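Here the structure is laid out as structure tokens; the discussion comes afterwards.
Letters go in sequence order (proteins before strands), and every chain restarts at 1. Since we're looking at a predicted model, the values are computed, not measured.
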Protein chains: 2
Amino acid sequence: MSTRREAVKQALNEASGFRSAQDLYADLRAEGSKIGLTTVYRALQALSDSGEVDVLRTDEGEAVYRACASDSHHHHLVCRGCGRAVEVEGPAVEKWAEAVGAKHGFTDVTHTVEVFGTCADCSARVN
Amino acid sequence: MSTRREAVKQALNEASGFRSAQDLYADLRAEGSKIGLTTVYRALQALSDSGEVDVLRTDEGEAVYRACASDSHHHHLVCRGCGRAVEVEGPAVEKWAEAVGAKHGFTDVTHTVEVFGTCADCSARVN
DNA sequence: GTCATTTTGACAATCGTTTTCGTTTTCGGC
DNA sequence: GCCGAAAACGAAAACGATTGTCAAAATGAC
């Protein structure tokens, strides 16, 4: 793994939640790195290919990334306000997805689940 | 609702699954309509604002739309091959999302759930 | 050090989507 | 049927995220 890629991964680790490629680029430039935007994208693609980071899409279609503690299957509870994310598991959901797929004759069933909310800190901040 | 908007809605109804704005534009042009791409986007935005159609993002970040039979909360089981979608419900998932949010102090919890698979027809076609 | 390979980054290109803006259509009153 | 205001349209330009190109720079093997 190259130095640049390490830098991107570390920037992701330091962030508490999901960040877009552009965010990370800005972060890295802000701390003095001379990295290019292209390289950030390449690094993120490589990291997500190797399963080291999770990717998801915002409603606006932007891809956002996060370094995940766990490498097993899990989902995220994401704060709408600050982007902070908690990894959660849901065996019930896994089973349900599998069952619902089978019931309709679908094979090779996968699923995406994201839970959004406002975290305690953020709702306190508003008041 | 204008004529153009009606046309877009009808095109969506005739399609069996999720279609992108560009797909629908192509469909409408193919059947002789002189509609513009801008209008298709506007119609889809209006339809999704009024809750008449469901929107989701593909992994590539493209927005896809579908006319929904039910106007209550539901999710989709989507075929990877042909895009055909089945509306499904999952009380268990709703409860789980709510519970997991509450457990971590999140309020105003929402969630997105999509299930993907290969439908019977499509897996037959491959063989 | 030298050559080959890989990585990098500035820049251009792409693609879905949105905005702009002048034109056309629709519609309520007359 | 005709008029003017308001809404809808569509072509083209603008946009923003992402990807492709390609020459320069870093790295590694010898």
**Item:** Within residues 97-108 of chain B or reaching into it, pairs that qualify as side chain to side chain donor-acceptor pair (under 3.5 Å) - sequence neighbours excluded
**Value:** none
**Asked** In whole Å, what is the span from the OH atom of A/Y25 to the C1' atom of C/dG9?
**Response** 9 Å
**Fill in**
Computed from five pairs at either end and rounded to 10 degrees, the angle between the axes of the helix from C/dG1-D/dC30 to C/dC30-D/dG1 is 20°
**Message:** Using 30° and 60° as the class boundaries, would you call the ring planes of A/W96 and B/H75 parallel, tilted or perpendicular?
**Reply:** perpendicular
Can you tell me how far apart [atom1] ([X]) and [atom2] ([Y]) are? Round to the nearest 0.5 Å.
{"X": "A/T110", "Y": "A/H73", "atom1": "OG1", "atom2": "NE2", "result": "9.0 Å"}
{"X": "A/S48", "Y": "A/L56", "atom1": "OG", "atom2": "CG", "result": "11.5 Å"}
{"X": "A/T118", "Y": "A/D121", "atom1": "OG1", "atom2": "CG", "result": "11.5 Å"}
{"X": "A/R4", "Y": "A/R42", "atom1": "CZ", "atom2": "CZ", "result": "11.5 Å"}
{"X": "A/K9", "Y": "A/S50", "atom1": "NZ", "atom2": "OG", "result": "7.0 Å"}

**Asked** Do you know which of B/E114, B/E52, B/E14, B/E87 makes salt bridge (Lys or Arg N to Asp or Glu O under 4.0 Å) with B/R66?
**Response** B/E87
**Request:** Sugar-phosphate atoms are those with a prime plus P, OP1 and OP2; base atoms are the rest. Using that split, label each nucleotide of nucleotides 11-16 of chain C B, S or - for protein heavy atoms under 4.0 Å, 5' to 3'.
**Result:** B----S
**Range on DNA chain D touched by chain B - first to last nucleotide, heavy-atom distance under 4.0 Å** = D/dA8 to D/dA12
Anything under 3.5 Å between a protein N or O and an N or O of nucleotides 4-7 of chain C, put it in a table, one pair a line.
none

**Message:** Looking at A/S33 and A/R29, would you say the former's side chain and the latter's main chain have a donor-acceptor pair under 3.5 Å?
**Reply:** no
**Asked** Any donor-acceptor pair under 3.5 Å linking the side chain of A/R57 with the backbone of B/D59?
**Response** yes
**Prompt:** Please, which pairs that meet ring-ring contact (aromatic ring centres under 6.0 Å, His included) have at least one residue in residues 11-34 of chain B, sequence neighbours excluded?
**Reply:** B/F18-B/H76
**Asked** Run the side-chain contact (heavy atoms from CB on, under 4.5 Å) check on A/V64 and A/D23 step by step: do they pass?
**Response** CA-CA 9 Å; A/V64 289; A/D23 287 344; 5.8 Å; no
